A.B. asks: 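If you scroll down you'll find the structure; I have some questions about it.
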Number of protein chains: 2
Amino acid sequence: MTTTLPVASTVCCAPLVRAPLGAEDATRLATTLKALADPARLRLLSLVAAHEGGEACVCDLIEPLGLSQPTVSHHLKVLVDAGLLTREKRGVWAYFTLVPGALDAVASVLTTTGS
Amino acid sequence: MTTTLPVASTVCCAPLVRAPLGAEDATRLATTLKALADPARLRLLSLVAAHEGGEACVCDLIEPLGLSQPTVSHHLKVLVDAGLLTREKRGVWAYFTLVPGALDAVASVLTTTGS
DNA sequence: ACGGGTCATCGACACATGTCAATATCGACG
DNA sequence: CGTCGATATTGACATGTGTCGATGACCCGT
C-alpha cells in the first residue's frame with residue numbers, strides 16, 4: 001500500500017462554503033483533489049468513461065495518452081487509491097471503471113448553490 | 001506575473017465524462033484543480049466564504065490557519081491567479097472575496113449526472 | 001517627516017511528484 | 001515446462017511545491 005484511505009467516499013462533509021472546514025476534512029478533500037489535479041489522470045478518467053462499456057484496460061489507454069506503460073499504470077493506481085476508479089483483473093488484462101458517484105461527491109462539495 | 005491565465009473562466013468545456021477531453025483542456029482543468037488541491041487553500045476559501053460579508057483580509061486568516069503571514073499571502077495569490085478569489089485593496093488591508101460561479105464551474109465539469 | 005502596522009516579494013530549504021528504463025510478476029497457451 | 005504478452009513495481013532523476021525568515025513596499029496616524 002502506498003497511500004492512505006478510501007478517500008472518495010470520505011469526501012463527505014459540508015459544501016465547503018457553508019462552514020469553515022477543519023484541518024482534517026481539508027486534508028482529506030485535498031488528497032482527493034490532488035488525485036484529480038493532473039492532466040494525464042483527468043484524461044484517463046475521461047477515456048475510461050467514454051470507452052465502450054465504461055471500462056478500459058491499460059493497453060487501451062497508453063497510446064491515446066502518449067505516455068509510457070509504467071507511467072499510465074502509476075496514474076491508474078493513484079486514481080484507484082483515491083477511490084475514483086475500480087480495478088478488476090480478468091485474465092491478463094486489468095479493466096478499470098469509474099466509481100459511481102465518486103466524481104459527483106467531489107463536485108457537490110465544491111458547489112456553492114446549496115444555500 | 002507568476003502564473004498563466006484567468007483559468008476559472010476557462011474551465012469551460014465538456015463534463016469530463018462525456019467526451020475524451022484533449023490535452024489542452026486537461027492541462028487547464030488540472031491547473032485549476034491544483035490550486036484547489038491543498039488543505040490550506042481549501043480552508044482559505046472556506047474561511048473567506050464563511051466570513052462576515054463574504055470577504056476577509058489576510059489578518060483575519062492567519063490565526064485560524066496557523067501558518068505564517070507570507071505563506072498565507074502566497075496561498076491567496078495562488079487562488080487569485082486561479083480565478084477563484086478576487087483581491088481588493090482598501091487602505092492598508094487587502095480584502096478577498098469568492099469569485100461567483102468559479103467553484104461551481106469546476107463542480108459542473110466534474111459532475112457526471114449531466115447525461 | 002516619522003514610525004508602526006499590513007501585506008507582498010525574495011531566497012532558501014526540505015519534500016513531494018511526474019516521468020522513464022529496467023526489471024519483476026503473473027496468466028495464457030503451445 | 002517454457003515462452004510470450006500484459007501489468008505492476010523499483011530505482012533514479014529532474015522538476016514542482018509548501019513553508020519560513022528576512023526584507024521590501026505601501027498606507028496611515030501622530
Side-chain angles (χ1 to χ4, degrees), chain A residues 1-4 7 23 26-45 47-48 51 55-82 84-97, chain B residues 1-4 7 23 26-27 29-45 47-48 51 55-82 85-97:
Chain A
M1 285 154 269
T2 39
T3 50
T4 51
V7 197
T27 300
R28 272 201 297 269
L29 220 196
T31 301
T32 302
L33 286 171
K34 268 188 223 291
L36 284 172
D38 183 273
R41 290 196 285 268
L42 288 173
R43 297 185 70 195
L44 279 175
L45 290 175
L47 284 168
V48 168
H51 204 264
E55 65 177 15
C57 66
V58 181
C59 57
D60 294 324
L61 304 167
I62 294 177
E63 189 216 10
L65 244 70
L67 295 176
S68 71
Q69 175 267 317
T71 301
V72 173
S73 222
H74 162 67
H75 285 310
L76 288 169
K77 177 178 175 48
V78 172
L79 290 170
V80 169
D81 288 341
L84 298 168
L85 284 184
T86 57
R87 190 188 101 117
E88 182 196 0
K89 191 133 189 180
R90 288 205 302 269
V92 180
W93 294 273
Y95 290 92
F96 293 85
T97 318
Chain B
M1 284 153 273
T2 37
T3 50
T4 50
V7 195
T27 300
L29 220 197
T31 301
T32 302
L33 286 171
K34 268 188 222 292
L36 284 172
D38 182 274
R41 290 197 283 270
L42 288 173
R43 296 185 69 194
L44 279 175
L45 290 175
L47 284 168
V48 168
H51 204 265
E55 65 176 15
C57 65
V58 181
C59 57
D60 294 323
L61 305 168
I62 293 177
E63 188 216 10
L65 244 71
L67 295 176
S68 72
Q69 175 266 318
T71 301
V72 173
S73 224
H74 162 68
H75 285 310
L76 287 169
K77 177 178 175 48
V78 172
L79 290 170
V80 169
D81 288 342
L85 284 183
T86 56
R87 191 187 100 116
E88 182 196 359
K89 190 134 190 179
R90 288 204 301 269
V92 180
W93 293 274
Y95 290 92
F96 293 86
T97 317

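All figures in this text were calculated on a predicted structure; none of them were measured in a lab. First the proteins, then the strands, lettered A, B, ... as listed; each starts at 1.
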A.B. asks: Grab the two heavy atoms, one from A:Leu42 and one from B:Ala26, that are nearest each other, plus how far apart they are.
C.D. replies: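 It is CD1-O, 3.6 Å.
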A.B. asks: If I compare all heavy atoms of B:Thr86 with all of B:Val80, which pair ends up nearest, and what's the gap?
C.D. replies: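 In terms of heavy atoms, the two residues are closest at C-CG2, 4.5 Å.
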A.B. asks: I'd like the 5' and 3' limits of the part of DNA chain C contacted by chain A, with heavy-atom contacts below 4.0 Å.
C.D. replies: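 The footprint of chain A covers C:dT17 to C:dA28.
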A.B. asks: For DNA chain D, whose closest nucleotide is more 5', that of B:Val78 or that of A:His74?
C.D. replies: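 Between the two, 5'-proximity favours A:His74.
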A.B. asks: Using a heavy-atom distance cut-off of less than 4.0 Å, which residues of residues 35-45 of chain B contact DNA chain D?
C.D. replies: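 Residues of residues 35-45 of chain B that come under 4.0 Å of DNA chain D are, in numerical order, B:Asp38, B:Arg41.
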A.B. asks: What pair of heavy atoms forms the shortest contact from B:Ala37 to A:Lys34, and how long is it?
C.D. replies: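 Taking every non-hydrogen atom into account, O-NZ, 3.0 Å.
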A.B. asks: Just checking A:His75: base, sugar-phosphate only, or nothing, at a heavy-atom cut-off of under 4.0 Å?
C.D. replies: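 Here A:His75 touches the backbone only, sparing every base.
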A.B. asks: For residues 58-76 of chain A, please give each side-chain donor-acceptor pair under 3.5 Å, one per line with the distance, not counting sequence neighbours.
C.D. replies:
| from | atom 1 | to | atom 2 | distance (Å) |
| --- | --- | --- | --- | --- |
| A:Asp60 | OD2 | A:Cys57 | N | 3.2 |
| A:Ser68 | OG | A:Thr71 | N | 3.4 |
| A:Ser68 | OG | A:Thr71 | OG1 | 2.9 |
| A:His75 | ND1 | A:Arg41 | NH1 | 3.1 |

A.B. asks: Of the non-hydrogen atoms in B:Ala56 and B:His51, which two are nearest, and what is the gap between them?
C.D. replies: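 Residues B:Ala56 and B:His51, closest heavy atoms: CB-CG, 3.8 Å.
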A.B. asks: Base, sugar-phosphate, or nothing for B:Phe96, non-hydrogen atoms under 4.0 angstrom?
C.D. replies: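 Here B:Phe96 touches the backbone only, sparing every base.
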A.B. asks: Kindly calculate the angle separating the two end axes of the helix from C:dA1-D:dT30 to C:dG30-D:dC1, each obtained from five base pairs, and round it to 10 degrees.
C.D. replies: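 Rounded value for the end-axis angle: 20°.
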A.B. asks: Kindly give the heavy-atom pair with the smallest separation between A:Val48 and A:Phe96, and that separation in Å.
C.D. replies: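 That closest heavy-atom pairing would be CG1-O, 3.3 Å.
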A.B. asks: Extract, from 5' to 3' on DNA chain D, the first and final nucleotides lying under 4.0 angstrom from some heavy atom of chain A.
C.D. replies: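 So the outermost contacting nucleotides come out as D:dA6 to D:dT9.
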A.B. asks: Is any side-chain heavy atom of A:Leu36 closer than 4.5 Å to one of A:Leu45?
C.D. replies: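 The answer is yes; the side chains approach within 4.5 Å.
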A.B. asks: To the nearest 0.5 Å, what is the distance between CZ (A:Arg43) and OG1 (B:Thr27)?
C.D. replies: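 Separation between the atoms: 8.0 Å.
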A.B. asks: B:Glu88: what forms a side-chain hydrogen bond (donor to acceptor under 3.5 Å, both in side chains) with it, not counting sequence neighbours?
C.D. replies: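 By the side-chain hydrogen bond (donor to acceptor under 3.5 Å, both in side chains) rule, B:Glu88 matches B:Arg90.
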A.B. asks: Can you name the nearest heavy-atom pair linking A:Val78 to A:Ala35, along with the distance?
C.D. replies: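 Between these two residues, the closest heavy atoms are CG1-CB, 4.1 Å.
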A.B. asks: Kindly compute the distance separating CG (B:Asp38) from CG (B:Leu79), expressed to the nearest 0.5 Å.
C.D. replies: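 So the CG of B:Asp38 and the CG of B:Leu79 are separated by 8.5 Å.
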A.B. asks: Given that A:Lys89 and A:Val72 both sit by DNA chain C, which one's nearest nucleotide is further toward the 5' end?
C.D. replies: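 So the residue in question is A:Val72.
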A.B. asks: Which ones in residues 56-69 of chain A lie close to DNA chain C, meaning a heavy atom under 4.0 Å from one of its atoms?
C.D. replies: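 Contacts with DNA chain C under 4.0 Å: A:Leu67, A:Ser68.
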A.B. asks: Looking at every strand, decide which applies to A:Arg90 at a 4.0 Å heavy-atom threshold: base, sugar-phosphate, or nothing.
C.D. replies: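 Nothing, no heavy atom under 4.0 Å.
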